[in-house]
**Q** 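Pasting a structure here, questions to come.
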There are 2 protein chains.
Amino acid sequence: MQKNTVQCQFVTALDSIVGKWKPIILYHLLQGEPLRFNELRRLLPDITQRMLTLHLRELEEEEIVKRVIYPQIPPKVEYSITEYGKSLSPILESLHQWGKAHMERNLLKQAKNEQKETD
Amino acid sequence: MQKNTVQCQFVTALDSIVGKWKPIILYHLLQGEPLRFNELRRLLPDITQRMLTLHLRELEEEEIVKRVIYPQIPPKVEYSITEYGKSLSPILESLHQWGKAHMERNLLKQAKNEQKETD
DNA sequence: CAGTATCCGTCCTGATACTG
DNA sequence: CAGTATCAGGACGGATACTG
């Protein structure tokens, strides 16, 4: 196998997952319930409307999330994870677990350093 | 658990993995053999010296990669994965697998589209 | 409610040149 | 061999204002 191919596989996968907000968007959608635009916004308090829109469009493009528009006034749009998107679940789960452990590790290290300083 | 905490866990994990080249660097180092700077460069034909250095430094900072300097002329530096870094292996492996499948999927879709155009 | 449009800053990356 | 220094370009994210 070529190195470039290997690289592409990673890049391809990462492109689908990264972006400052994608993992958390996916995390919430992977809970199972479809979510409306503003529900997602509430779940991600710091995201801007623009970023939420952009990331959702990208995820939709890749068929990882499904966008359903209910033609009514006021408008209602629901986002949900696709079957295909669910295949990302193990990765997100690994990331989540690893990130958790990594954070705790870092906190411990920090604590040690601060202790040293007071010694 | 707070949403921010969840987000941080993802961000923390992603920070360690992303960067255009980190996954492939880690992929090669996870093969087990320590690699010298220029060996890595050969394995990643398109990376610039600068980027390789920067990413290696970040990985070293996070104790994912170990850097060993042999004080000799000409200089020799070897990079290897740490025990801690090995804990990233499942994530990288999932990413790799998923990316592979995702690429094949995309290629299939493209093929279909091109067929449509010639119809 | 669920978006667009516009503008702007910064961070990341790359190219190139130089060095112990 | 294994880097560092410097500069430049572009993608990315964010703030704000507007809309069907």
Side-chain angles (χ1 to χ4, degrees), chain A residues 3-4 7-8 10-26 28-29 33-62 65-81, chain B residues 3-4 7-8 10-26 28-29 33-62 65-81:
Chain A
K3 299 128 203 167
N4 274 351
Q7 174 170 344
C8 279
F10 282 122
V11 171
T12 304
L14 282 170
D15 274 354
S16 306
I17 291 180
V18 305
K20 192 168 171 183
W21 306 95
K22 278 186 190 177
I24 327 105
I25 294 175
L26 289 175
H28 286 299
L29 288 176
E33 295 296 308
L35 292 169
R36 300 180 61 172
F37 188 82
N38 276 1
E39 286 177 325
L40 276 168
R41 211 143 69 110
R42 271 188 291 279
L43 289 169
L44 281 48
D46 294 335
I47 198 172
T48 58
Q49 215 163 3
R50 171 190 154 81
M51 282 301 110
L52 184 52
T53 306
L54 285 177
H55 280 136
L56 284 171
R57 289 294 175 283
E58 278 178 42
L59 292 169
E60 192 190 350
E61 180 85 9
E62 286 166 315
V65 307
K66 193 170 49 192
R67 180 165 174 251
V68 179
I69 307 167
Y70 297 85
Q72 59 183 49
I73 308 288
K76 176 177 170 183
V77 178
E78 273 189 350
Y79 295 91
S80 56
I81 196 89
Chain B
K3 297 128 202 167
N4 274 351
Q7 174 170 343
C8 280
F10 282 122
V11 171
T12 304
L14 282 170
D15 275 353
S16 306
I17 293 180
V18 305
K20 192 168 171 184
W21 306 94
K22 279 187 190 174
I24 327 104
I25 295 175
L26 290 175
H28 287 299
L29 288 177
E33 295 296 308
L35 293 168
R36 299 181 61 172
F37 189 81
N38 275 1
E39 287 177 324
L40 276 169
R41 211 143 70 109
R42 270 188 291 278
L43 289 169
L44 281 49
D46 294 335
I47 198 172
T48 59
Q49 215 164 2
R50 171 189 156 79
M51 281 303 110
L52 183 52
T53 307
L54 286 177
H55 280 135
L56 284 172
R57 289 294 177 283
E58 279 178 42
L59 291 170
E60 193 191 349
E61 180 85 10
E62 284 166 316
V65 164
K66 192 170 50 193
R67 180 167 174 248
V68 179
I69 307 167
Y70 297 86
Q72 58 183 49
I73 307 289
K76 175 177 169 184
V77 179
E78 275 188 350
Y79 295 90
S80 57
I81 196 89

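All chains are named by letter (A, B, ...) in the order of the sequence lines, taking the proteins before the strands, and each is independently numbered beginning at 1. All values reported here derive from a predicted model rather than from experimental measurement.
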**Q** Would you indicate which nucleotide in C/dG3, D/dC1, D/dT4 comes nearest to any side-chain atom of A/Thr53?
**A** C/dG3
**Q** Expressed in angstrom and rounded to an integer, what is the separation of A/Leu52 atom CG from C/dA2 atom P?
**A** 10 Å
**Q** Check whether any side-chain N or O of B/Tyr79 sits under 4.0 Å from OP1 or OP2 of D/dC1, and answer yes or no.
**A** no
**Q** Does A/Glu78 have any side-chain hydrogen bond (donor to acceptor under 3.5 Å, both in side chains) partners at least two apart in sequence or in another chain, and if so, which?
**A** A/Tyr70
**Q** Do B/Leu56 and B/Arg67 make a side-chain contact, defined as non-hydrogen atoms from C-beta onward lying under 4.5 Å apart?
**A** no
**Q** Measure from OH on A/Tyr70 to P on C/dG3 and round the result to the nearest Å.
**A** 13 Å
**Q** Nearest-Å distance, CG (A/Leu56) to C1' (C/dA2)?
**A** 11 Å
**Q** A/Leu35 and side-chain contact (heavy atoms from CB on, under 4.5 Å): which partner among A/Ile25, A/Leu43, A/Val65?
**A** A/Leu43
**Q** What is the distance, to the nearest angstrom, from the NZ atom on B/Lys22 to the C1' atom on C/dC12?
**A** 12 Å
**Q** Between atom CD in A/Gln72 and atom C1' in C/dG3, what is the gap in whole Å?
**A** 15 Å
**Q** If you take all heavy atoms of A/Glu62 and A/Ser16, which pair is closest and at what distance?
**A** OE2-OG, 3.0 Å
**Q** Looking at D/dG3, I'd like to know if its phosphate oxygens (OP1 or OP2) sit under 4.0 Å from a side-chain N or O belonging to B/Arg67.
**A** yes
**Q** Let me see the working for B/Leu14 and A/Ile17 under side chain to side chain contact (heavy atoms under 4.5 Å, CB included), right down to the final yes or no.
**A** CA-CA 9 Å; B/Leu14 282 170; A/Ile17 291 180; 4.2 Å; yes
**Q** For B/Lys76, does the NZ atom sit with more than 12 other heavy atoms under 6.0 Å from it, leaving out its own atoms?
**A** yes
**Q** Give me the stems containing DNA chain D, sorted by first residue, counting only three or more consecutive Watson-Crick or G-U pairs with both distances under 3.5 Å; say none if there aren't any.
**A** C:1-20 with D:1-20
**Q** Take atom CZ of A/Phe37 and atom P of C/dC1, then tell me their distance rounded to the nearest Å.
**A** 11 Å
**Q** Taking protein heavy atoms under 4.0 Å as touching, what does nucleotides 5-20 of chain D look like 5' to 3' if B marks base contact, S marks sugar-phosphate-only contact and - marks none?
**A** -B------BBB----B
**Q** C/dT4 phosphate, OP1 or OP2: any side-chain N/O from A/Arg57 under 4.0 angstrom?
**A** yes
**Q** Starting at atom CD1 of B/Ile73, determine the distance to atom C1' of D/dG3, rounded to an integer number of angstrom.
**A** 13 Å
**Q** Hey, is the main chain of A/Asp15 close enough, under 3.5 Å, to the side chain of A/Lys22 for a donor-acceptor pair?
**A** yes
**Q** Would you kindly give the CD1-to-P distance between B/Ile25 and C/dT13, to the nearest whole Å?
**A** 11 Å
**Q** To the nearest 0.5 Å, what is the distance between CG on B/Leu29 and CD1 on B/Ile24?
**A** 11.0 Å
**Q** Which atoms form the tightest heavy-atom contact between A/Ile81 and A/Leu26, and what is the distance?
**A** CD1-CD2, 3.9 Å
